[in-house]
Amino acid sequence: MSGSQVGVARELRVLREAIEEHNFSYYVLDNPVIPDAEYDRLMLQLQVLEANHPELVTSDSPTQRVGVTPVGGGSVVTHYAPMLSLGNVFSKSELLDFDQRVRDQLASRGFELDNIEYVAEPKLDGVAVNLRYENGVLILGATRGDGTTGEDITHNVRTIPTVPLRLRTENAPVALEVRGEVFMPREGFLAYNQRVLEIGEKPFVNPRNAAAGSLRQLDPRLTARRPLEVFFYGIGLLNGQIRPKTQGETLKYLHNLGLRTCPEWEVMAGVQDCLTYYAQILKKRNELPYEIDGVVYKVNALENQELLGAVSRAPRWAIAHKFPAQEELTVIKEIKFQVGRTGAITPVARLQPVFVGGVTVSNATLHNEDELARKDVRVGDSVIVRRAGDVIPEIVKVIKERRSAGSDPVRLPTKCPVCSSEVVRQEGEAVARCIGGLVCGAQRREAIRHFASRRALDIKGLGTKLVDQLVTRGLVENPSDLFGLTLEQISELERMGLKSAENLLETLNKSKSTTFNRFLYALGIREVGESTALALANHLCSLEKLMAADVKRLEEVPDIGPIVAANIRAFFQEDRNCMIVNQLMRCGVSWPQPVRLEFEDGPLKGKTIVLTGTLLGMTRDVAKQTLSALGANVTSSISKSTDMVIVGDHPGAKVDRALKLGVMVLSEDEFNALIKSDH
DNA sequence: TTGCCTCGAGATCA
DNA sequence: CTCGAGGCAA
């Protein structure tokens, strides 16, 4: 490197550090120390210098936030530690119950506490993200996804000004995974929509969707134009540094690294403080520059968090205290009865569309006959609707005073609205069903949709509209008819040209190669979902055996009781069903012969296993299935009860943890050898 | 349940 | 340009 280049490199470093420091003051401390014009001048200076010395441009330079090329989306990333979701409470008493549970649980572990310290923060209404920094440099941004794996949105996350490309520290952690919420502040949302309206395009309906939509953009240049911000609130993984001991310290730690935290957070001495905090925030809600839908409380001491652990996908040490759902008044236009795949008749209210909680609601389910009677909803009624839980619209109550005279209570029909078969409600059941079976057009349609669905035979491109057409034209009565369709028949359908028809035939053909469990699930036997189908496939290996199995044999399969066994038996006792199944076989539907699994002496039986990193030979899903088929339990985090950890490529901190706890660690090859030896 | 983005392909118009 | 389908998030 020449002397002048060394000089330039130093100059670049000084400029970048200055800009990063100003970013910190501006975005994180919310306290700019220089005027904007001065900042812009520094940026310009950096840009000019970099333009003259392109070889010295690094990807974490403040000028490199926005990539210039659209990125092929959809690539999957695995979080080092799973991203949990939060339980909800809506009232004081529910919150007190939560606090009581926390104290009871801790007491049972020898920690008698009168008051639990919590950290309270507003619950932002945005999109959860997971960011990975290695040696202080942002290398990955991902959506929450199912909590274990999410989508790579690095290119878009980088464009958010409040996301530092590089952490503000001398000794950065080797690896850091941080959780935050990306949101669009109210003001930015309004301004953005204003601009969009001026150029005649469609505005976003609410800030949350605006944020979510922006993050899913392929072209980061578009995302960069959206006024997105972020607050960080938690650590998924911290390697190479000592982990903060409390949630409060965690927030301070993040803040010091240059990761912006919500300024409203506070430490609560006990649950009573939480209630006060809730009331304060509720009062302040409209003045906050962003939308929130409640507050979150987290047990402050990490040590206690660890003692409490998690149930299924929610930690027992944190809870969301939600604000009351917004309610709106509207009118019932109509009450329809939908017929589901199993014939279940569901009353659905068609509403005069209303804007509630950020979306336009025009349908609301009334669940079943009893619910319908209990709420006594009638056509023409004025009703209060809200979005319950998170998403599903609910009719809260009828304003009876506004009811017009002469309206009649709505009754469940006694004949199926689709096929006029009888509607029967079994003793002790909540749902009434059309007994028409596949005679019923609705059930036929639903059966075929189910058959084609992603987790069944996964016939891509065969969507609702297409199935509707196929069924109403009588081209398809049962799943096996799908495979008899001709190019000509398909291309005559609406919106189907020759090309689309060819594609559909192609996917139909491909979908014939499947697995036994998918096939069983696809049949839509009552009470046979994915996991039951898998259990059946693993234990009864062949279709012949399954069809011949009596109730007693079926009940020997784990997790299958008398009711499910009877359903399966009944399904195969119907000639019609057997004919469909045979027809499917004749069409060429096939699967690899499952290996008969004997759990008794397998080395994996009853073991608790954790996967980390990317397995090269198989997807995570397949690995999980294989393991559980061998009688193992696959879990996501390592504890003392973990028996072994299987390590793929780019493993996370789980390996360290496993070694520390003395848990057996296996490579992918060793894992493969073990599976083979199991049968 | 709704809203958003993306993709492929059919429909429409010049 | 518009629609259907798929996928995702809350």
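Everything numeric in this text was worked out from a predicted model, so none of it was measured. All chains are named by letter (A, B, ...) in the order of the sequence lines, taking the proteins before the strands, and each is independently numbered beginning at 1.
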Open item on the list: Nearest to the side chain of K465(A), heavy atoms from C-beta on, is which of dA5(C), dT1(B), dA9(B)?
Closed with: dA5(C)
Open item on the list: Could you check whether K298(A) pairs with E121(A) (Lys NZ or Arg NE/NH1/NH2 to Asp/Glu carboxylate O, under 4.0 Å)?
Closed with: yes
Open item on the list: Heavy atoms only, 4.0 Å cut-off, all strands: where does D293(A) land among base, sugar-phosphate and nothing?
Closed with: nothing
Open item on the list: In whole Å, I'd like the distance from the CG atom of L493(A) to the P atom of dA9(B).
Closed with: 16 Å
- [ ] Pick base, sugar-phosphate or nothing for K202(A), based on heavy-atom distances below 4.0 Å to the nucleic acid.
- [x] sugar-phosphate
TODO: For the pair E291(A) and R186(A), find out whether any cationic side-chain nitrogen is under 4.0 Å from an anionic carboxylate oxygen.
DONE: yes
Task: Euclidean distance, atom CG of residue L351(A) to atom P of dT1(B) [Å, nearest integer] - done: 11 Å
- [ ] Verify the contact: side-chain N or O of Q217(A) to OP1 or OP2 of dT6(B), cut-off strictly under 4.0 Å; return yes or no.
- [x] yes
Open item on the list: With a 4.0 Å cut-off on N to O distance, would you call R179(A) and E177(A) a salt bridge?
Closed with: yes
- [ ] For the pair R518(A) (side chain) and R454(A) (backbone), establish whether a donor and an acceptor sit closer than 3.5 Å, ignoring hydrogens and angles.
- [x] yes
TODO: Let me know the distance between CZ of R495(A) and P of dG10(B), rounded to the nearest Å.
DONE: 9 Å
Task: R386(A) and E327(A) ion-paired at < 4.0 Å - done: yes
TODO: Classify the side-chain pair N363(A)/R350(A) by whether it contains a donor and acceptor separated by less than 3.5 Å.
DONE: yes
Write down the protein N/O and nucleotide N/O pairs, taken from nucleotides 6-9 of chain C, whose separation is under 3.5 Å; answer none if there are no such pairs.
unit_1 : atom_1 : unit_2  : atom_2 : d
dG6(C) : OP1    : G461(A) : N      : 3.1
dG7(C) : OP2    : R454(A) : NE     : 3.4
dG7(C) : N2     : R216(A) : NH1    : 3.1
dA9(C) : OP1    : T143(A) : OG1    : 2.6
dA9(C) : OP1    : G145(A) : N      : 3.4

- [ ] With K397(A) as reference, evaluate D376(A), V383(A), I384(A) under the side chain to side chain contact (heavy atoms under 4.5 Å, CB included) test and give the passing residue.
- [x] I384(A)
Open item on the list: Between K123(A) and E181(A) (salt bridge meaning N to carboxylate O under 4.0 Å), is one present in this structure?
Closed with: no
Open item on the list: Judged by each residue's nearest nucleotide on DNA chain B, which is more toward the 5′ side, P393(A) or L222(A)?
Closed with: P393(A)
Could you write out each protein N or O paired with an N or O of nucleotides 12-14 of chain B at a distance under 3.5 Å?
none

Open item on the list: Please pick, from dA10(C), dC4(B), dG8(B), the nucleotide with the shortest atom-to-atom distance to any side-chain atom of N503(A).
Closed with: dG8(B)
Open item on the list: From CG of N193(A) over to C1' of dC4(B), roughly how many Å is that when rounded to an integer?
Closed with: 13 Å
Open item on the list: Output the rounded distance in Å from CE (M496(A)) to C1' (dC3(C)).
Closed with: 13 Å
TODO: Provide, to the nearest angstrom, the distance between the NZ atom belonging to K499(A) and the C1' atom belonging to dC3(C).
DONE: 18 Å
Open item on the list: Looking at N363(A), I'd like to know whether one of its side-chain N or O atoms comes within less than 4.0 Å of OP1 or OP2 on dT2(B).
Closed with: yes
- [ ] Describe the nucleic acid contact of S214(A) in one word from base, sugar-phosphate, nothing, applying a heavy-atom distance below 4.0 Å.
- [x] nothing
Task: For atom CG of L466(A) and atom P of dG8(B), their distance in whole Å - done: 18 Å
Task: Presence of S500(A) side-chain N/O under 4.0 Å of dA9(B) phosphate oxygens OP1/OP2 - done: no
Open item on the list: For S91(A) and E94(A), which I'm curious about, is there any donor-acceptor pair between the side chains at under 3.5 Å?
Closed with: yes
TODO: May I ask you to decide whether K284(A) forms a salt bridge with E287(A), counting only side-chain N to carboxylate O separations under 4.0 Å?
DONE: no
TODO: Take atom CG of L86(A) and atom P of dA10(C), then tell me their distance rounded to the nearest Å.
DONE: 11 Å
